[in-house]
A.B. asks: 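Once you've had a glance at the structure underneath, I'll fire off some questions.
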Amino acid sequence: MKTHTTIQSLQSAIDSWRSQGQRIAFVPTMGGLHDGHLSLVALAKQKADKVIVSVFVNPTQFGENEDFDQYPNTLEQDIALLEQHQIDGLYTPSIEQIYPQGLDSDIKVGEVGDILCGASRPGHFDGVVQVVRRLFEIVKPNMAIFGQKDYQQLLVIAQMAAQYFPEIEVLSQPTIREQDGLAMSTRNQYLSIDEKKIAPRLYQALLQTKQDYLDNTPVEVLTNRVKNTLSKDFKVDYFEVLDANTLKQITDNTSKIAILCAVFLGSTRLIDNIIFNKG
Ligand code: PAF
C-alpha cells in the first residue's frame, strides 16, 4: 500500500490503473478507523480492482463549538489496519490541497441538509458536500462507499453525486455494531466506562420503536414514548420516524422507513438509525 501525500502522486497511480481498464473504489474517511470503516473497505475490494482510502479531518464540517481540535488522530494505527486489509492506496492530503482557495464556500445543500443533524449542526452538510466534491474531483473514482450509520449524510452525498458526478456510483454498507448493539463510531472513544454501559440503550430504543411501529402504534405516540424513556439516560437531540427516501413524514407512498436519532451522552453526541421496508 502506498501512502500518497500529494495530488500528483495519487493521480499518477490512479491514471496508470485506469489506463489498464481497472475500476477504482474510493472510501473517504476522517481516520480513527474501526470495523465500520473496514466493512466499507471490504465492499470496495469486492466491487472494484483498486481501492483508495482517504484520511482527512475536514474542518469545514465542524461547528465552532464542536470537536475538530480533539478529533482522534490515529494515523499510524489506521495505516497498519489498511495495510492488513491490503488496500492499494491511502491519500492523506494537506488542507491546502483540498482547499487551495481557502475554507470559504458558497455550497448550500438545501432542504435535506437542513433537518435532523443539519438543524442541530448548521452548515455541517455544506462542509461534508464541499469536501466530498473536492475529493471526487481529485480521485475521480468509479464508485465511492459510505456507511449507513450516517444515513442523512449518505442521502446528501448521493444527491450531490447524482447532480455533479453522475458517473460515480454511490454505494453504502449497513452499520457495524459492537456486541452490545452500540453502533461503531470514532467518537465512541470519548465515552467513559460508565457511559459505554449506557450507550447501547439507544439501539435498544430503536429496536423497540421499530417493533411498536410494526405493531401499528401511531408515530406520534411512539416517538413521545421513546423520547421519554431515552431522556432518563440521554439528552435527546431528535428522534424521528420518517420516509427513508425523502426524510419527510411517512405517506401512503412510503416504501421504506427510517428511524433516526441523535442524543448526547455527557458531552458525546451519538447518532444511530434503523432502516426497514414498510412491509
Ligand atoms: O463520514 C465521514 O467520515 C466524513 O463525513 C466524510 C464523508 C469522510 C467527509 O469528511
Side-chain angles (χ1 to χ4, degrees), residues 4 10 25-44 51-63 66-75 77-79 81-82 87 89-99 103 105 107 109 112-113 116-118 120-141 143-162 164-165 168-176 183-190 260 262 268-273:
H4 302 274
L10 176 74
F26 177 43
V27 181
T29 81
M30 299 206 298
L33 302 186
H34 49 69
D35 284 354
H37 296 108
L38 296 175
S39 81
L40 309 184
V41 167
L43 181 66
V51 176
I52 295 286
V53 174
S54 65
V55 170
F56 177 70
V57 183
N58 171 38
T60 68
Q61 68 188 76
F62 289 80
E66 294 185 351
D67 55 343
F68 176 64
D69 291 331
Q70 294 107 278
Y71 201 80
N73 176 341
T74 57
L75 189 58
Q77 206 177 305
D78 295 346
I79 290 175
L81 275 175
L82 293 170
I87 65 153
L90 168 64
Y91 179 42
T92 55
S94 64
I95 198 156
E96 291 78 17
Q97 280 170 47
I98 299 296
Y99 298 123
L103 301 186
S105 125
I107 290 174
V109 169
V112 74
L116 306 171
C117 285
S120 324
R121 306 181 65 191
H124 168 65
F125 290 115
D126 301 334
V128 169
V129 163
Q130 184 188 7
V131 74
V132 174
R133 270 179 74 165
R134 177 72 181 132
L135 288 166
F136 279 8
E137 276 167 18
I138 295 171
V139 179
K140 302 187 190 71
M143 65 198 79
I145 305 170
F146 299 87
Q148 279 173 20
K149 167 163 174 291
D150 296 298
Y151 187 74
Q152 188 179 8
Q153 166 174 283
L154 175 65
L155 290 196
V156 165
I157 290 172
Q159 181 179 291
M160 177 282 287
Y164 298 102
F165 301 91
I168 301 178
E169 198 183 350
V170 173
L171 301 173
S172 67
Q173 272 290 67
T175 303
I176 303 293
M184 288 199 187
S185 162
T186 304
R187 289 191 170 98
N188 292 351
Q189 297 180 30
Y190 299 151
L260 304 134
T268 306
R269 188 166 185 275
L270 302 174
I271 62 171
D272 201 351
N273 64 71

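Just so it is clear, the values below take in all heavy atoms, side chains as well, and ignore hydrogens, waters and symmetry mates. Start at 1 with the first residue, then count along the sequence. Every number for a ligand or one of its atoms is a count from 1 in the order of the listing.
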A.B. asks: For Arg121, enumerate each residue passing the salt bridge (Lys or Arg N to Asp or Glu O under 4.0 Å) test, keeping only those at least two apart in sequence or located in another chain.
C.D. replies: Glu66

A.B. asks: Working to the nearest 0.5 angstrom, can you tell me the gap between His37 NE2 and Met30 CE?
C.D. replies: 8.0 Å

A.B. asks: One pair per line, please: each N/O atom of ligand 1 matched with every protein N/O atom under 3.5 Å away, atom names first, then the distance to 0.1 Å.
C.D. replies:
residue, atom, partner, partner atom, Å
ligand 1, 1 (O), Gln153, NE2, 2.8
ligand 1, 5 (O), Gln61, NE2, 2.9
ligand 1, 5 (O), Gln153, OE1, 2.7
ligand 1, 10 (O), Gln61, OE1, 2.6

A.B. asks: Quick check: do Leu40 and Val53 have side-chain heavy atoms less than 4.5 Å from each other?
C.D. replies: no

A.B. asks: Are side-chain heavy atoms of Gln61 and Val131 found at a separation under 4.5 Å?
C.D. replies: yes

A.B. asks: Is there a ring pair (Phe, Tyr, Trp, His ring centres under 6.0 Å) between Phe62 and Tyr71 once you walk through the steps?
C.D. replies: CA-CA 10 Å; Phe62 289 80; Tyr71 201 80; 5.7 Å; yes

A.B. asks: If the test is side chain to side chain contact (heavy atoms under 4.5 Å, CB included), which one of Val27, Thr29, Val132 qualifies with Phe146?
C.D. replies: Val132

